[in-house]
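Read through the structure below, which is laid out as structure tokens, and then see the notes.
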Amino acid sequence: MIETNIPEFSIELLQAGDRVEFARMVEAYYGPIYRLALKMLGDSSDAEDVLQNTFLKALQYLPTFEGRSSFSTWLYRIAANEALMLLRKRRPTVPVDENPDDDEDGFMPAQFSDWCCLPEQDFLTAESKRQLDQAIQKLPETLRVVFLLRDIEGLSIRDTSEALGLSETAVKTRLLRARLQLRESLSTYYGERLTYRMNMETQE
Amino acid sequence: MSKHDQLTCHDILGSLGDYLDGNLRADLCEEIENHMRGCENCRVVVDTTSKTIYLYHHTAREVELPNGARERLFSALKLDDFILPKR
């Protein structure tokens, strides 16, 4: 887990309706839940709706929480469902490529620019961050949600599979596909940066 | 991408997730690394995929909530009396 600063909560107190414990829990999780929602939806107002609905649902369903998964996984599950529901409301028809497990061959890399060696400052610009966000938005939502839970929020493969109701194999397949697609998107941008840098060098 | 004696580039892709997450058996890691020494494209794919994950890990996590979003959340949850002690 990346999140090491999230305190432990007493499920008994939460289920007993203890407001102090509930407020403590909301305080600890509202940031990560908002981040997940924002990166799923790409819109801050929609993300705030998902944020509120997630905790309202958590409050409503806390009595049914059985501890089969960890509390944070359970909360991420609610948030992911809320975000996916909102996305599907926006666009009711599911495109063909939304079933990423169908195609076993997956995704073949097409760009081989070795942009790893770019100077660190090139990765820290506002434009670079914008490219990272845009690449996420280009992913099909079924891949996007897996990538966000695993690689941004730092859930394990197992917790990701529990949060999404997918098999671990499906999570791994989708994760790899997401990572490769993102790599491809970033290779376009950073590959251009690399060419630019090399041209600058030859001119000097 | 080229074909190698033991592992094909396609095999590399199949094991890439476990390899990058450090969940691949040592002997298989060694096979991948051997393959990469002779296959520049695979090396680039592995390195840039790894860099992609690193970048998202380190830069995409900083997100700012809209003004008042925390307060609106606490209000919606009838936790107004907990709004003040902001971290």
Side-chain angles (χ1 to χ4, degrees), chain A residues 2 19-20 22-24 26-28 30-32 34-35 38-39 44-45 47-48 51-53 55-56 58-59 105-109 111-118 123-124 128-129 132-133 135-136 147-148 150-154 157 172-173 175-176 179-180 182-187 190-191, chain B residues 1-2 8-24 32 36 39-87:
Chain A
I2 303 170
R19 292 180 73 247
V20 175
F22 190 71
R24 222 163 64 82
V26 176
E27 191 72 62
Y30 77 86
Y34 178 79
R35 177 172 54 211
L38 180 67
K39 291 186 185 290
S44 60
S45 163
E48 197 177 331
L51 175 69
Q52 292 195 4
N53 288 339
F55 285 104
L56 285 167
L59 192 60
D105 254 356
F107 186 88
M108 285 308 283
Q111 300 201 62
F112 303 101
S113 157
D114 191 8
W115 47 267
C116 288
C117 52
L118 276 169
F123 296 114
L124 300 173
S128 169
K129 284 178 189 170
L132 290 175
D133 281 339
I136 288 189
F147 177 77
L148 292 176
R150 175 76 186 99
D151 280 346
I152 304 286
E153 298 310 322
I157 296 282
K172 285 187 181 185
T173 307
L175 180 65
L176 178 62
R179 287 166 165 181
L180 288 173
L182 291 170
R183 188 204 76 91
E184 211 69 32
S185 293
L186 297 190
S187 292
Y190 292 122
Chain B
M1 291 187 156
S2 66
T8 63
C9 301
H10 192 262
D11 297 331
I12 301 284
L13 274 187
S15 308
L16 185 58
D18 283 334
Y19 178 75
L20 292 171
D21 288 339
N23 293 329
L24 199 62
I32 287 185
M36 286 195 292
C39 180
E40 177 66 3
N41 280 353
C42 275
R43 185 197 63 74
V44 168
V45 169
V46 171
D47 284 355
T48 48
T49 306
S50 173
K51 183 80 180 184
T52 297
I53 299 167
Y54 174 89
L55 285 176
Y56 276 107
H57 219 82
H58 288 84
T59 65
R61 287 171 54 78
E62 298 153 19
V63 161
E64 257 185 55
L65 259 78
N67 260 339
R70 176 179 172 276
E71 289 73 17
R72 287 190 290 277
L73 171 65
F74 275 66
S75 281
L77 297 166
K78 301 191 171 54
L79 295 171
D80 304 71
D81 45 330
F82 292 92
I83 288 175
L84 267 181
K86 199 172 179 179
R87 56 181 177 180

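Atom set for the values below is all heavy atoms of this structure, side chains included, hydrogens, waters and symmetry mates excluded. To find a chain, count down the sequence lines: A is the first, B the second, and so on, and within it residues start at 1.
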Subject >> CD on E27(A) to CD1 on I83(B), rounded to 0.5 Å >> reply: 10.5 Å
**OP:** Could you verify whether a donor N or O on one side chain and an acceptor N or O on the other, from R183(A) and T48(B), lie under 3.5 Å apart?
**Re:** yes
**OP:** Can you tell which part of L51(A) gets under 4.5 Å to a heavy atom of chain B, answering side chain, backbone, both or neither?
**Re:** both
**OP:** Heavy-atom distances under 4.5 Å only: say whether L65(B) touches chain A with side chain, backbone, both or neither.
**Re:** both
Original post:
Between K78(B), R43(B), E62(B), H58(B), which residue shows the highest count of heavy-atom pairs closer than 4.5 Å to chain A?
Top reply: R43(B)
**OP:** Heavy-atom pairs under 4.5 Å with chain B are the metric here; pick the option from L38(A), V20(A), L132(A), L176(A) that has the most.
**Re:** L132(A)
Subject >> Residue part contacting chain A, namely of N23(B), when any heavy atom lies under 4.5 Å >> reply: neither
**OP:** State, with a plain yes or no, whether a side-chain heavy atom of E40(B) is found less than 4.5 Å away from one of F112(A).
**Re:** no
**OP:** For the pair F82(B) and V26(A), evaluate side-chain contact (heavy atoms from CB on, under 4.5 Å) and give the outcome as yes or no after the intermediate values.
**Re:** CA-CA 10 Å; F82(B) 292 92; V26(A) 176; over 6 Å; no
Original post:
Hey, which of L124(A), I157(A), D133(A), I136(A) has the most heavy atom pairs under 4.5 Å with chain B?
Top reply: I136(A)
**OP:** State, with a plain yes or no, whether a side-chain heavy atom of T52(B) is found less than 4.5 Å away from one of W115(A).
**Re:** yes
Subject >> Inter-residue atom distance E64(B).CD - S44(A).OG, 0.5 Å rounding >> reply: 11.5 Å
**OP:** Might you point out which heavy atoms bring R72(B) and E48(A) nearest each other, and give the distance in Å?
**Re:** NE-OE2, 2.6 Å
Original post:
CG of D151(A) to OH of Y54(B): how many Å apart, nearest 0.5 Å?
Top reply: 14.5 Å
**OP:** Go through the atoms of S113(A) and report whether side chain, backbone, both or neither lie under 4.5 Å from a heavy atom of chain B.
**Re:** backbone
Original post:
Taking 4.0 angstrom as the limit, do D81(B) and R19(A) come out as a salt bridge?
Top reply: yes
Subject >> Contact winner vs chain A - G17(B), P66(B), G14(B), heavy-atom pairs under 4.5 Å >> reply: P66(B)
Original post:
Just wondering, do L55(B) and Y190(A) contact through their side chains at under 4.5 Å, heavy atoms?
Top reply: yes
Subject >> Least distance between heavy atoms, A76(B) atom then L56(A) atom >> reply: O-CD2, 3.6 Å
**OP:** Check step by step if side-chain contact (heavy atoms from CB on, under 4.5 Å) holds for Y56(B) and L182(A).
**Re:** CA-CA 10 Å; Y56(B) 276 107; L182(A) 291 170; 3.4 Å; yes
Subject >> Check: F55(A) and L79(B) side chains under 4.5 Å, non-hydrogen atoms >> reply: no
**OP:** Check whether any side-chain heavy atom of K172(A) lies under 4.5 Å from a side-chain heavy atom of D21(B), and answer yes or no.
**Re:** no
Original post:
Given side chains that start at C-beta, do those of Y34(A) and L73(B) come closer than 4.5 Å, heavy atoms only?
Top reply: no
